[in-house]
2 protein chains.
Amino acid sequence: MTKTRRRRTKEEARAEILSAAAKRLLDAGPDALRIADVAADVGMTHPTLLHHAGSRDQLVQDATVYLMQRTAARTLEAMQRAGDERDLDAFVRESLEAFRDEGRSRAIAWLALTGRLAGTPKPPWTPFVAAAQAARERRRARGSGGSQPAPQREDDDVSTRSALVLAFLAVFALDLIGDTVLADAGLGEGPAATDRFVRWFARLLQRTLTE
Amino acid sequence: MTKTRRRRTKEEARAEILSAAAKRLLDAGPDALRIADVAADVGMTHPTLLHHAGSRDQLVQDATVYLMQRTAARTLEAMQRAGDERDLDAFVRESLEAFRDEGRSRAIAWLALTGRLAGTPKPPWTPFVAAAQAARERRRARGSGGSQPAPQREDDDVSTRSALVLAFLAVFALDLIGDTVLADAGLGEGPAATDRFVRWFARLLQRTLTE
DNA sequence: GATAGTGTCTACAAGAATGTAGATAGCAAA
DNA sequence: TTTGCTATCTACATTCTTGTAGACACTATC
């Protein structure tokens, strides 16, 4: 009966706890999070975890913020990498992959369902809007040769933002329930069906943002 | 201390229980459903509820099916009413309203997150696909005057189905997280912002399904 | 009006989950 | 080495939740 106690610094303990809690949060949701489970994941007893986390409610809240910030960073990076210059097909596909990998859709859905979404740090939309807007104007200038009437700036802006919102909503929903919906609609199953739909959707976006 | 016992038939009791359980399910999700709460809603004690429902798990499962069937009926009716002949603006708006009223988006999201979505009765897509396809061909025949080359039937079908899937996904996500996303993207707040986006999206759909 | 069937209740059992109290042990600084 | 700090543990208390047992009461039927 060798009892090997591992002693962490306060910060290490907190980091490990948050990470494990975020994982459980993603899997089973806030209501199903059990501090004893999280403690076991990290390798400590639940009173020790409480010593660091304060209370269950506090842990859920902290893990929520941690989760959203972590996934936001990863997602935005992927979107930025893909959305800058290349075509929208890559943009949509990479966004979807980032959402999927980090479980961002699930995180957002959990928060929305439990009424915590509003109180969460929001992602920065401004750079995307600016980039998309610039790309649109570039395409238009190239295409028209300057012979078209001056574009209506305001309508353009709303249209660009709407397209980005649509992309966000579609990727979110596609990740969450895409497989089921595509199958129900008779568009096939598995990754191939999703790929086809993503390509179709990217073409649609491209046309909208180019016109 | 007048104890007024109300005696229901087996069927009445079951119906009331299912309805109340579905409401709680929608609000707080499967994990947070407490049979004592549901029993209180209906006006009975929790052992009585168990007598009718069997067990908590059984109740959750039955309420899930009940909920999905009820919302499906209402939603499909609204979509059918709007999607048959009129423009797509009405179609999208009415779908969204139906989703919202019945909490169908929340129900779907709960099921998806807890891994129950696959085992749920699927809505009938065929009539919508057929109607949308017919409408598209009608529009095209009217527009082209018969001078265009014969349309590629297969691509057309995939495109129609894809558009319907996109509409479904968008309405679903818009209901769940639309307010937050629209606000984050700088497209305004409240019902007005949603309305504007719905109109924009409907125009997009219209163009896609008409070409 | 008596009787049978069963919907409903009260009381209790058992377990799970959060949180507290006090002892112990690992680590760093004197 | 010694000492102080605190991360960690064991043991316990409390509350919440599901589920069971058996008595009671409402309704229909004879």
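Chain naming here is simple, since letters A, B, ... match the order of the sequence lines and numbering starts at 1 in each.
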Starting at CD1 of A/Ile17 and ending at P of D/dA7, how long is that distance when rounded to a whole Å?
11 Å
Decide yes or no on salt bridge (charged side-chain N to carboxylate O under 4.0 Å, His left out) for B/Asp41 and B/Arg24, but give the supporting numbers first.
CA-CA 9 Å; B/Asp41 291 345; B/Arg24 292 239 169 219; 2.7 Å; yes
Identified side chain to side chain contact (heavy atoms under 4.5 Å, CB included) counterpart of B/Leu169 within the set A/Leu182, A/Leu176, A/Ile177
A/Ile177
Between A/Arg6 and B/Gly43, just flag the one whose closest nucleotide in DNA chain C comes earlier from the 5' side.
B/Gly43
Let me know the distance between CZ of A/Arg8 and P of D/dT6, rounded to the nearest Å.
18 Å
Give the rounded distance in Å between these two atoms: NE2 of B/His52 and C1' of C/dC9.
12 Å
Measure the distance from CE on B/Met44 to C1' on D/dC26 and round it to the nearest whole Å.
14 Å
Does B/Phe197 have any ring pair (Phe, Tyr, Trp, His ring centres under 6.0 Å) partners at least two apart in sequence or in another chain, and if so, which?
B/Trp200
Expressed in angstrom and rounded to an integer, what is the separation of A/Glu12 atom CD from C/dC27 atom P?
11 Å
Kindly state each residue pair satisfying ring-ring contact (aromatic ring centres under 6.0 Å, His included) with at least one member in residues 93-126 of chain A, sequence neighbours excluded.
A/Phe99-A/Phe168, A/Trp125-A/Phe168
Does C/dG7 have OP1 or OP2 under 4.0 Å away from a side-chain N or O of B/Thr48?
no
Where along nucleotides 17-22 of chain C does protein come under 4.0 Å, by heavy atom, of base (B) or sugar-phosphate alone (S), with - for untouched nucleotides?
SBBB--
Picking from C/dT8, D/dA7, D/dT8, the nucleotide nearest the side-chain atoms of A/Arg7 would be D/dA7
May I ask you to check whether B/Ser159 and B/Ser162 show a side-chain donor-acceptor distance below 3.5 Å?
no
So, does B/Thr45 get its side chain near the phosphate of C/dT8, meaning an N or O under 4.0 Å from OP1 or OP2?
no
Worked verdict on B/Thr9 versus B/Glu12 for side chain to side chain contact (heavy atoms under 4.5 Å, CB included)
CA-CA 5 Å; B/Thr9 67; B/Glu12 282 171 347; 3.4 Å; yes
For a quick check under 3.5 Å, do B/Gln58 and B/Asp62 share a side-chain donor-acceptor pair by atom type?
yes
Rounding to a whole Å, what distance do you find between B/Glu11:CD and C/dT6:C1'?
12 Å
Rounded to whole Å, how long is the line connecting atom NZ of A/Lys10 with atom C1' of C/dG26?
17 Å
Below the 4.0 Å mark, does D/dG19 have OP1 or OP2 next to a side-chain nitrogen or oxygen of B/His51?
no
